[in-house]
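Here's the structure, in structure tokens; my notes come after.
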Number of protein chains: 4
Amino acid sequence: MKKKDMNKQTIIQDAVAKIILTEGAVSVSTTKVAKLAHIAQSNVYLYFKDKQALLDSVYNRERDRIINTTDIAELRNHDIDIENRIRYYIEQVYDYSLTNPDSMNLIEQIKFLMGEDDGLVISDSPNDIVHELLQEAMDNQVIKKLPINFHMGIVFSTIHRHTNNIIENKYSKSEYKFETIYQFIWDAMRIN
Amino acid sequence: MKKKDMNKQTIIQDAVAKIILTEGAVSVSTTKVAKLAHIAQSNVYLYFKDKQALLDSVYNRERDRIINTTDIAELRNHDIDIENRIRYYIEQVYDYSLTNPDSMNLIEQIKFLMGEDDGLVISDSPNDIVHELLQEAMDNQVIKKLPINFHMGIVFSTIHRHTNNIIENKYSKSEYKFETIYQFIWDAMRIN
Amino acid sequence: MKKKDMNKQTIIQDAVAKIILTEGAVSVSTTKVAKLAHIAQSNVYLYFKDKQALLDSVYNRERDRIINTTDIAELRNHDIDIENRIRYYIEQVYDYSLTNPDSMNLIEQIKFLMGEDDGLVISDSPNDIVHELLQEAMDNQVIKKLPINFHMGIVFSTIHRHTNNIIENKYSKSEYKFETIYQFIWDAMRIN
Amino acid sequence: MKKKDMNKQTIIQDAVAKIILTEGAVSVSTTKVAKLAHIAQSNVYLYFKDKQALLDSVYNRERDRIINTTDIAELRNHDIDIENRIRYYIEQVYDYSLTNPDSMNLIEQIKFLMGEDDGLVISDSPNDIVHELLQEAMDNQVIKKLPINFHMGIVFSTIHRHTNNIIENKYSKSEYKFETIYQFIWDAMRIN
DNA sequence: TATGAATGAGTGTTCATTCAT
DNA sequence: AATGAATGAACACTCATTCAT
């Protein structure tokens with residue numbers, strides 16, 4: 001029932017996601033995608049201009065998912081002090097990553113495949129909201145004066161590593177609390 | 001004459017490395033490698049069992065290069081206090097990365113191609129020397145009690161990001177000193 | 001409003017013609033045609049049995065256009081001496097070709113695609129009017145006794161070449177008068 | 001025996017030629033070529049960079065064949081009067097065409113496929129030998145002052161048509177002598 | 001009349017790998 | 001040790017055509 005509601009676009013994107021997660025982005029081929037989606041290979045081109053567009057769409061879907069999950073308003077709410085806004089942001093990344101561990105891996109894989117070096121760091125535009133937040137924090141001498149991708153990087157890579165560790169059963173979800181992870185990240189970022 | 005001393009193995013590996021760095025690991029093909037190495041395509045199989053072995057060898061070569069550059073003795077020298085040994089280690093990674101920026105990218109690319117998730121974190125064996133060092137530091141409550149790949153991860157990913165930023169001309173080499181980078185990493189690791 | 005009077009058939013044919021002239025007959029595909037005609041791809045099959053029928057129709061449309069432009073009555077008018085009737089015919093081909101240079105190219109392209117060797121020579125039926133005229137001229141020893149497609153061929157290919165030379169800016173329209181072109185053709189045909 | 005001497009290049013080119021002549025240039029596909037040449041499809045790319053290179057090579061092979069058959073020295077021999085040199089040239093084209101009727105068709109087909117409009121007119125370079133000859137004839141007021149491709153065109157297209165008529169059994173080889181064909185062509189060209 | 005969805009067969013091209021010499 | 005030739009499988013992508021709605 002529910003499945004039938006999904007349109008083909010989504011089915012195809014899901015197939016791509018599955019392949020990326022199980023075999024790696026390199027292994028994505030229209031043939032495999034079509035097989036997994038139970039359609040003819042040529043059919044892929046009915047829904048996506050070409051392979052690049054297909055990968056882009058999967059990437060964007062995931063990126064949007066993240067962005068939509070983020071409580072942007074709060075990040076801009078100047079009634080909250082900046083340190084807490086950053087903490088709130090990290091918490092959101094943390095929650096998102098634990099809830100959707102695949103999402104992060106998808107984004108990482110696709111970005112890498114396309115030759116972008118920044119890994120998980122998502123920065124749509126320079127005046128991106130998080131960018132803004134971190135810049136403000138830097139200007140106010142709350143966090144260290146460093147390239148912004150250092151700050152974004154440590155947030156993402158730490159949380160991502162944590163999530164992967166759990167997935168790979170290196171330890172259980174309960175073994176490290178958010179507070180612990182957060183402290184690690186925040187100690188790096190903040191001026192003390 | 002001297003050049004001719006380089007055996008074919010090395011010539012081939014160099015070709016692979018060059019392709020990876022310029023076009024990405026995905027683009028490595030025996031055809032291209034052979035062309036770049038000025039040998040017949042089939043010749044690649046004289047020196048390497050298959051493509052996988054070839055990539056492995058390039059990976060291992062780089063990994064060994066890193067390990068050999070590291071002053072292991074010093075890391076084990078208990079006359080030096082542990083904090084300084086870690087600092088020394090970070091310094092060595094830092095120096096290596098700035099001196100051989102390609103090396104890190106090679107490792108990252110090959111790891112990605114093979115579907116390994118840990119990125120740059122190299123851990124050959126559990127009783128690896130760095131592993132040992134960090135474990136000791138954790139036991140002595142010098143660094144935070146966290147999965148070891150957190151500690152290794154922040155070292156590598158921060159330094160790697162820094163190196164890439166420089167390569168991509170985001171800023172000049174002189175803009176951030178080692179001390180600054182180190183402080184960022186160390187603040188995350190240490191218990192304060 | 002008026003434009004809407006053009007029925008879909010015509011719109012589709014026009015699309016085909018445009019593609020042939022800009023990209024060559026080989027490049028005609030239902031996909032492209034449909035896109036250019038602003039209809040669904042499958043819609044092409046509503047108006048034409050298959051691709052072959054579509055091409056045929058475009059060919060026939062052009063052939064009819066030529067035939068209808070030709071003043072047949074005059075060609076048969078025995079009050080005019082035969083030499084002048086042939087001259088009149090050549091003049092008409094000349095005028096048509098210069099006025100509708102695309103027309104000739106369309107016919108040539110489609111013929112090529114269908115593997116017909118006679119190029120521009122259009123001969124619907126053996127008792128074709130021009131056929132008749134030339135036969136009569138041959139019988140009356142006005143033109144050389146040669147296969148009829150020699151005579152038709154030289155008319156078409158010379159004029160077509162002239163037209164293309166102009167289109168390709170090899171020289172301007174005014175550089176060679178009809179009389180000059182005609183003399184070239186007629187000298188070949190006539191018995192002297 | 002003899003067949004074995006032919007290298008694969010030639011075998012492949014022959015396959016292409018056969019397909020062009022039987023099915024038309026449009027029908028040439030690497031698959032068909034490979035099948036006809038009894039090799040794997042991928043093998044085509046061992047001998048030719050891509051399909052274009054393959055077609056080019058078939059074209060060039062034929063063009064060279066024509067050029068090598070032509071007695072260039074004689075065409076430049078100013079001891080012979082120009083009219084006779086042109087006649088000699090036309091005779092050579094005539095002989096070649098009748099001896100190698102396929103050759104002309106191959107060239108025509110490939111040229112058309114590549115979108116060149118000049119049909120059989122082969123003009124390698126502006127100072128091409130035939131070009132030279134005709135220009136000289138025009139300057140000396142032996143032939144009409146017209147675009148050179150008119151003169152070349154009538155030679156080729158007339159002879160080609162004649163050859164095709166014979167192939168298609170429209171009449172027998174003996175029905176029209178060279179002299180007849182020549183007269184038709186020459187009357188068009190010459191100033192009278 | 002019109003369309004979107006579907007598809008199988010085909011396209012040119014690249015690949016890793018094998019083998020005879 | 002070295003090579004050129006060979007190949008089957010895979011790739012992304014386009015095509016003419018059909019069919020249910």
Side-chain angles (χ1 to χ4, degrees), chain A residues 7-9 11-12 26-35 37-55, chain B residues 7-9 11-12 19 23 26-35 37-55, chain C residues 7-9 11-12 19 23 26-35 37-55, chain D residues 7-9 11-12 26-35 37-55:
Chain A
N7 61 9
K8 283 279 165 64
Q9 282 229 32
I11 295 178
I12 295 173
V26 180
S27 302
V28 176
S29 84
T30 53
T31 323
K32 280 186 197 159
V33 170
K35 208 164 281 173
H38 299 295
I39 55 169
Q41 190 204 165
S42 57
N43 229 320
V44 172
Y45 290 85
L46 227 54
Y47 298 94
F48 300 94
K49 173 183 160 295
D50 55 18
K51 202 194 168 190
Q52 189 57 49
L54 173 54
L55 287 168
Chain B
N7 61 11
K8 285 278 168 65
Q9 283 230 32
I11 294 178
I12 296 174
I19 295 173
E23 306 181 45
V26 181
S27 301
V28 176
S29 84
T30 53
T31 323
K32 281 187 200 159
V33 171
K35 205 166 285 170
H38 299 295
I39 55 167
Q41 191 189 169
S42 58
N43 226 323
V44 172
Y45 288 83
L46 230 53
Y47 297 94
F48 301 94
K49 174 181 161 295
D50 56 17
K51 203 191 164 192
Q52 190 55 51
L54 173 55
L55 287 168
Chain C
N7 60 12
K8 285 278 168 66
Q9 283 230 31
I11 294 178
I12 295 174
I19 295 174
E23 307 180 43
V26 182
S27 301
V28 176
S29 84
T30 53
T31 323
K32 281 186 197 158
V33 171
K35 205 165 286 171
H38 299 295
I39 56 166
Q41 192 189 168
S42 58
N43 227 322
V44 172
Y45 289 83
L46 230 55
Y47 298 93
F48 302 94
K49 174 183 161 296
D50 55 17
K51 203 190 163 192
Q52 189 56 49
L54 173 54
L55 286 168
Chain D
N7 61 9
K8 284 278 166 64
Q9 282 228 34
I11 295 179
I12 295 173
V26 181
S27 301
V28 176
S29 84
T30 53
T31 321
K32 279 187 198 159
V33 171
K35 208 165 282 173
H38 299 294
I39 55 168
Q41 191 199 164
S42 57
N43 229 322
V44 172
Y45 290 86
L46 227 55
Y47 298 94
F48 300 94
K49 172 182 162 298
D50 55 19
K51 201 193 168 191
Q52 189 56 51
L54 173 55
L55 287 169

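Hydrogens, waters and symmetry mates play no part in the numbers below; they use all other heavy atoms, side chains included. Here is how names work: the chains are called A, B, and so on, in the same order as the sequence lines, proteins then strands, and each is numbered from 1.
Atom-to-atom, CD1 of C:I19 to C1' of F:dT14 comes out at 14 Å; the value is rounded to the nearest Å. F:dA5 atom P lies 11 Å from atom CD1 of D:I12, rounded to whole Å. Between the C1' atom of E:dA9 and the NZ atom of D:K35 lies a distance of 11 Å, rounded to the nearest Å. Going from atom CG of D:L46 over to atom P of F:dT3 covers 16 Å, rounded to whole Å. Rounded to whole Å, the distance from CG on C:L54 to C1' on F:dC15 is 14 Å. As a whole-Å value, the separation of C:H38 NE2 from E:dG4 C1' is 18 Å. What separates CZ of A:F48 from P of E:dA6 is a distance of 13 Å, to the nearest Å. Between the NZ atom of D:K32 and the P atom of E:dG12 there is a distance of 9 Å, given to the nearest Å.
Between the side chain of B:K51 and the backbone N or O of B:V28 there is at least one donor-acceptor pair closer than 3.5 Å.
Nucleotide E:dT21 forms a pair with F:dA2, judged by Watson-Crick or G-U wobble geometry with both contacts under 3.5 Å. Across all strands shown, E:dG12 is found opposite F:dC11 as a Watson-Crick or G-U wobble partner, with both distances under 3.5 Å.
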Protein-to-nucleotide contact annotation, 5' to 3' order, nucleotides 16-21 of chain F [B base; S sugar-phosphate only; - none; under 4.0 Å, heavy atom]: BBBB--

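Taking all atoms of both residues into account, the shortest heavy-atom contact from B:Y45 to B:D50 is CE2-CA, 3.8 Å. For B:T31 against B:Q41, the heavy-atom pair with the smallest separation is OG1-OE1, 3.6 Å.
For C:K32, the side-chain contact (heavy atoms from CB on, under 4.5 Å) test picks out C:I19, C:E23, C:S27, C:S29, with sequence neighbours left out.
Between C:K8 and the phosphate of E:dA2, there is a side-chain N or O to OP1/OP2 separation shorter than 4.0 Å.
Applying side-chain contact (heavy atoms from CB on, under 4.5 Å) to D:I12 and the options D:T30, D:N7, D:I39 leaves one that passes, D:I39.
For C:N43, taking side-chain heavy atoms from C-beta onward, the closest of the listed nucleotides E:dA2, F:dT7, E:dA6 is E:dA2.
Considering NZ of B:K8 and CG of B:L46, their distance stands at 9.0 Å, rounded to 0.5 Å. In this structure, C:L55 CG and C:F48 CZ are separated by 10.0 Å, a value rounded to the nearest 0.5 Å.
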